[in-house]
Amino acid sequence: MVLLGPPGAGKGTQAVMLAERLNYLHLSTGDILRENVKQGTEIGKKAKSYMDKGELVPDDIVIEMMLDEIKTDAKDRDFILDGFPRTIYQAGKIDAALEKLKLDIDLVIYFKTSLKIVLFRLTGRRLCRECGENYHIVNMPPKKEGVCDKCKSELYRRKDDVEETIKKRLEVFEGQTKELIDYYKGKGVLKEISGDLDAEEVYEKLSVII
Ligand code: AP5
């Protein structure tokens, strides 16, 4: 399954819920890239400047990285691609690679989400430094400000969650990723859900589709 939508649409939130409740394998390009940046790997060094500016990391880096993940972990499990593919080029490459592995993308969910909601969500998002748990200062606040409910570690704000970079990420979505909606419509696998609803409502709609 592929989750498609603008930044802040709730792709990551729904992917985590699906992984916890229905045992999907969750592969998030953004999370894997951020982990590479944190570990200071070659991929991380190459990706960092693009991510900080809200631009797409070059296709070849991302494609190779995701194909490695799929080949290693996804052969025998239903999996969710969160934030990948993001260009028609990436989509073509992943289709060809999956065909060789006798795998298929059989569902693509497009989270249609309004601009106002996206800006509100991303400027208020906080994440746990240790376990990665996701919060929102208004919608899903931690019990104690700045502290993770689960592991008690510090919460932080993503570097690309500042207004100027969010705007750039939205431009990139409009200019380079949105055309994937027609690409997957053409393949007959696209379903649309409103990303504006609250997380449990989105999950309910998603469950019905699945
Ligand atoms: P990535 O990490 O994928 O960021 P993104 O697509 O911008 O998506 P986000 O993680 O910001 O949003 P989301 O839709 O997952 O929302 P979330 O659930 O977190 O990518 C980061 C960067 O990596 C890119 O800019 C690029 O540089 C690079 N990159 C990644 N993939 C790439 C690729 N394929 N090719 C090239 N480069 C790539 O929710 C957001 C907030 O809202 C949270 O606080 C959450 O708690 C809250 N929330 C979520 N759902 C709801 C809801 N229904 N109601 C209320 N609040 C909600």
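Below, each value reflects all heavy atoms present in this structure, side chains not excepted, and no hydrogens, waters or symmetry copies.
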For the backbone of K11 and the side chain of T13, can you confirm whether one donor and one acceptor N or O come within less than 3.5 Å of each other?
no
Does R21 count as lying over the ring of Y203, i.e. NZ or CZ under 6.0 Å from the six-ring centre, within 45 degrees of the axis?
yes
Which distance, rounded to the nearest 0.5 Å, do you find between the NZ of K178 and the CG of L4?
10.5 Å
Matching residue for K205 among L197, I210, I109 - test: side-chain contact (heavy atoms from CB on, under 4.5 Å):
L197
Only one of E164, E163, E171 forms a salt bridge (Lys or Arg N to Asp or Glu O under 4.0 Å) with K167, so which one is it?
E163
Is E130 atom CD crowded by more than 12 heavy atoms from other residues, nucleotides or ligands, each under 6.0 Å away?
no
Short N-O contact, D104 and K187, less than 4.0 angstrom
no
Say whether, by atom type as modelled, one donor and one acceptor occur between the side chain of D73 and the main chain of L25 under 3.5 angstrom.
no
Is any side-chain N of the basic residue among D68 and K71 closer than 4.0 Å to the acidic one's carboxylate O?
no
Is the charged tip of R129 near the ring of Y156: under 6.0 Å from the six-membered ring centre and within 45° of its axis?
yes
Side-chain donor or acceptor of K102 paired with backbone N/O of E99 under 3.5 Å:
no
Working for salt bridge (charged side-chain N to carboxylate O under 4.0 Å, His left out), residues E42 and K45:
CA-CA 5 Å; E42 277 313 305; K45 282 179 198 156; 3.6 Å; yes
Would you check if the side chain of Q14 reaches a backbone N or O of A199 as a donor-acceptor pair within less than 3.5 Å?
yes
Less than 6.0 angstrom separating the ring centers of F79 and H26, yes or no?
no
In terms of ring plane angle, is the pair H136 and F120 parallel, tilted or perpendicular, where the classes change at 30° and 60°?
tilted
Determine whether D60 and K93 satisfy the following criterion, salt bridge (charged side-chain N to carboxylate O under 4.0 Å, His left out), listing intermediate values before the conclusion.
CA-CA 10 Å; D60 292 336; K93 289 284 182 188; over 6 Å; no
